[in-house]
Amino acid sequence: MTITRREILLGAAALPTAAALAATTVAGAREGTTQTPHGRIWWKIAGAGPRTPLLLLHGGPGAGHNYLEPLSAIADQRPVIFYDQLGCGRSDKPDSAALWTVDHFVQEIDLLRADLGLDRVILYGHSWGGWLAQEYLAQRGDQAKVEALVLAGTSASTRQFVAGALQLLSRMPGGLDARRRELEAAGKTDTLEYQEIVQAFLDAHVYHDSWPSHRFAKTIENISTSRTYAAMNGPNEFTVTGTLRDWDRESSLAAIDVPTLALTGEMDEVTLDCHLTLQRGIRNAHLVVMPKARHLAMLEQPESYNWILRGFLSNKA
């Protein structure tokens, strides 16, 4: 099917002019750490003002905040809060396997909000961060005090995400998927050949090595040094064997009653059916698909990405 960006889904909200499209870094961002029982969480706040802050939940797990930095352009509209979840990036990395659960990271959001005085927020979750955002709303209910929600490149269950990723693999040319399955059956997932198949999938649906982005390089470093990716996800993007393997909040979508934007790319590893599940399950959700965009669309097409976010956020307090 042909997918086009459905701008009408943004409603009648006033969109920024072309002059406002460029991604910029807001000067004067302040940084700090929040102490938790298990270590310090690093955070950064870009922008200021009275409008409801945008709290960013990064993916991975373990990817850190760096790849989301193009969203600092939104800080001329409202405060934008970045943080590195415990176990990655500039936050502490405790050596405790028992910590790496969804419940831990839900509690981490509470601790961060209490420390920064974030009574109300707009929540943005990308990839694993979208799972975390859904879990936070499901566990906290009305006490979450979330005024709006962005679910980007994410799904309502691990099951649907993995099924979609495997479908994408099955369509890759050159018999790559058949060879992948042969190597997995032979226990040869540590071979160069298998890693090249993984890389081909990442190039097609997550990112491409040709992107001249220091933020992308830092993201790869964050994941490779994190405590969380292998423990929670597993060995690669389409093999989820960690603590997230059975995660499923599809039955909780109907309880989300805040304006929601589901945002994805045409070539995203998290397939369109995952985002349609979000759109259909959340009563006040709109779906936007970015043409020719992969999973890290905010790095690949930052101007378009921020334009869409601005449109959604423009009429939010």
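Under a 4.0 Å N-O distance rule, the pair D76/R310 qualifies as a salt bridge. A salt bridge links E135 with R249: the closest approach of a Lys/Arg side-chain nitrogen to an acidic carboxylate oxygen falls below 4.0 angstrom. A salt bridge is defined here as a Lys NZ or Arg NE, NH1 or NH2 lying under 4.0 Å from an Asp or Glu carboxylate O, and D110 with R140 meets this definition. Using a 4.0 Å cut-off between charged side-chain N and carboxylate O, E250 and R159 make a salt bridge. Electrostatic pairing of R294 and E300 counts as a salt bridge here, judged by a charged N lying under 4.0 Å from a carboxylate O.
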As a quick check of understanding, evaluate side-chain contact (heavy atoms from CB on, under 4.5 Å) for K145 and V121, giving each step before the final call. CA-CA 7 Å; K145 296 184 178 179; V121 295; over 6 Å; no

Please report the C-alpha distance between Y83 and I109 in whole Å, then the side-chain angles of each, then the deciding distance to 0.1 Å, and finally whether the side-chain contact (heavy atoms from CB on, under 4.5 Å) criterion is met. CA-CA 10 Å; Y83 77 101; I109 295 172; 3.6 Å; yes

Please step through side-chain contact (heavy atoms from CB on, under 4.5 Å) for the pair I41 and D84, ending with a clear verdict. CA-CA 6 Å; I41 303 168; D84 287 340; 5.9 Å; no

Determine, step by step, whether D92 and R40 satisfy the salt bridge (charged side-chain N to carboxylate O under 4.0 Å, His left out) criterion, reporting the C-alpha distance in whole Å, the side-chain angles of both residues, the deciding distance to 0.1 Å, and the verdict. CA-CA 5 Å; D92 287 345; R40 293 169 301 171; 3.3 Å; yes

With salt bridge (charged side-chain N to carboxylate O under 4.0 Å, His left out) as the criterion, how do K316 and E147 come out once you've worked through the C-alpha distance, each side chain's angles and the decisive distance to 0.1 Å? CA-CA 8 Å; K316 309 298 185 291; E147 294 190 351; over 6 Å; no

Go through the steps to decide whether V102 and T243 satisfy the test side-chain contact (heavy atoms from CB on, under 4.5 Å), and finish with yes or no. CA-CA 8 Å; V102 178; T243 57; over 6 Å; no

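Side-chain contact between L54 and I81 is absent, with no heavy atoms from C-beta onward closer than 4.5 Å. Here the side chains of S72 and V80 are not in contact, with every heavy-atom distance at 4.5 Å or above. Residues D268 and H205 are not in side-chain contact: their nearest non-hydrogen atoms beyond the backbone lie 4.5 Å or more apart. Between R30 and K44 there is no side-chain heavy-atom pair separated by less than 4.5 Å. Considering only heavy atoms from C-beta on, L55 stays 4.5 Å or farther from I122 through its side chain. Counting only heavy atoms from C-beta outward, the side chains of L244 and P61 approach each other to under 4.5 Å. The shortest distance between side-chain heavy atoms of V289 and L272 falls below 4.5 Å. For the pair M172 and D177, the minimum side-chain heavy-atom distance is 4.5 Å or more.
Between P302 and L299, the shortest heavy-atom contact is CD-O, 3.5 Å. Counting all heavy atoms, side chain and backbone alike, A165 lies closest to F201 at O-CE1, 3.8 Å. Minimum interatomic distance between L56 and L68 (heavy atoms only, all atoms of both residues): CB-CD1, 4.1 Å. What you find for A46 and F82 is that their closest heavy atoms are CB-CE1, 4.3 Å. Q139 approaches V106 most closely through the heavy-atom pair OE1-CG1, 3.7 Å. Nearest approach of M290 to S304, heavy atoms of both residues: CE-CB, 3.8 Å.
Remark: the T34 side chain and the D115 side chain contain an N/O donor-acceptor pair separated by less than 3.5 Å. Side-chain polar atoms of E69 and H65 form a donor-acceptor pair below 3.5 angstrom. The closest side-chain donor-acceptor pair between D273 and Q167, if any, does not fall under 3.5 angstrom. A donor-acceptor contact closer than 3.5 angstrom is absent between the side chains of Q107 and D103. Counting only N and O atoms by type, the side chains of W128 and Q85 include a donor and acceptor under 3.5 Å apart. Side-chain contact of N236 with T239: a donor-acceptor pair under 3.5 Å is present, judged by distance alone. With no hydrogens or angles considered, a side-chain donor-acceptor pair links N222 and N66 at under 3.5 Å. With 3.5 Å as the limit, one finds a donor-acceptor pair spanning the side chains of W131 and S155.
We find the OG1-CG distance between T189 and L183 to be 8.5 Å, quoted to the nearest 0.5 Å. In this structure, S226 OG and M232 CE are separated by 10.0 Å, a value rounded to the nearest 0.5 Å. If you take CH2 on W247 and CG on L132, they are separated by 9.0 Å, rounding to the nearest 0.5 Å. Taking OH of Y207 as the reference point, atom CG of L296 lies at 9.0 Å (rounded to 0.5 Å). Rounding to the nearest 0.5 angstrom, the gap separating the CG atom in D248 from the CD atom in Q134 is 9.5 Å. Here the straight-line distance linking atom OH of Y136 with atom CZ of F105 works out to 15.0 Å at 0.5 Å rounding.
For the salt bridge (Lys or Arg N to Asp or Glu O under 4.0 Å) with E184, the qualifying choice from K188, R181, R180 is R180, the only one to do so. Of the candidates I282, L123, L253, T260 forms a side chain to side chain contact (heavy atoms under 4.5 Å, CB included) with just one, namely I282. For the pairing with Y67, the side chain to side chain donor-acceptor pair (under 3.5 Å) check across H126, H295, K218 returns one residue only, H126.
V270 and I223 end up in different hydrophobic clusters when Ile, Leu, Val, Met, Phe, Trp and Tyr side chains are linked at under 4.5 Å. Clustering ILVMFWY residues whenever any of their side-chain heavy atoms sit less than 4.5 angstrom apart, transitively, puts V206 in the very cluster that holds L169. Hydrophobic clustering (side-chain heavy atoms under 4.5 Å, transitive across Ile, Leu, Val, Met, Phe, Trp, Tyr) groups I45 together with L112. Both L261 and M298 sit in one connected hydrophobic cluster of ILVMFWY residues. Membership requires side-chain heavy atoms under 4.5 Å apart, directly or through other members. L118 and V258 end up in the same hydrophobic cluster when Ile, Leu, Val, Met, Phe, Trp and Tyr side chains are linked at under 4.5 Å.
Classification of the Y124-Y305 ring pair by plane angle, with boundaries at 30° and 60°, yields perpendicular.
Without hydrogens or angle criteria, N284 side chain to D257 main chain gives no donor-acceptor distance under 3.5 Å. Put simply, the side chain of T154 gets close to the backbone of S127: a donor and an acceptor are under 3.5 Å apart. Within the 3.5 Å criterion, the main-chain N or O of A48 finds no donor-acceptor partner in the side chain of R78. A donor-acceptor contact shorter than 3.5 Å links the side chain of T219 to the backbone of R215. Judged by distance alone, the side chain of T52 and the main-chain N or O of A317 form a donor-acceptor pair under 3.5 Å. Between the side chain of T241 and the backbone N or O of G234, no donor-acceptor pair lies under 3.5 Å. Remark: side-chain polar atoms of E266 are not paired, donor with acceptor, to backbone N or O of A293 under 3.5 angstrom. Checked by atom type and distance alone, the side chain of Q301 pairs as donor or acceptor with a backbone atom of P291 at under 3.5 Å.
Taking the six-membered ring for Trp, H286 and F312 have ring centres at least 6.0 Å apart.
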